Amino acid sequence: FVHIPSTIGAYEAEEVGVEHLLRDIRNASTSTLATSVSDKLTALRTLGGKLGEISGYLEQVISGKLPPNPQIMYILQDVFNLLPHH
């Protein structure tokens, strides 16, 4: 065998998933339900923070403090298109 230097990259969502798996391994004494609820709370807090950032950006664009960035707008439109239509 020969050692090959390498670097592994991941997107933020993948990193969060791995962190959750590692947390489950480290906290084997914690119940599955407690872990699940804790993970969901963490995810919801993260989502709330991200939505706050998006809201702040859009408010600055509307007020003229920032120019609209078409790439960001396309990404936001993609996100909205993925939401369920109820």
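Computed from a prediction, not measured in an experiment: that's the story for all the values here. Positions are given from 1 along the sequence.
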Contact check, side chains of V61 and I72, non-hydrogen atoms, under 4.5 Å
no
Under a single-linkage definition using a 4.5 Å side-chain heavy-atom cutoff for Ile, Leu, Val, Met, Phe, Trp and Tyr, are L58 and F80 assigned to the same hydrophobic cluster?
yes
Correct closest heavy-atom pair for P70 and P68 would be CD-O, 3.5 Å
Please report, to 0.1 Å, the donor-acceptor pairs under 3.5 Å made by any side chain of residues 43-57, with sequence neighbours excluded.
unit_1	atom_1	unit_2	atom_2	d
T46	OG1	T42	O	3.0
S55	OG	E59	OE2	3.4
Y57	OH	N69	N	3.0

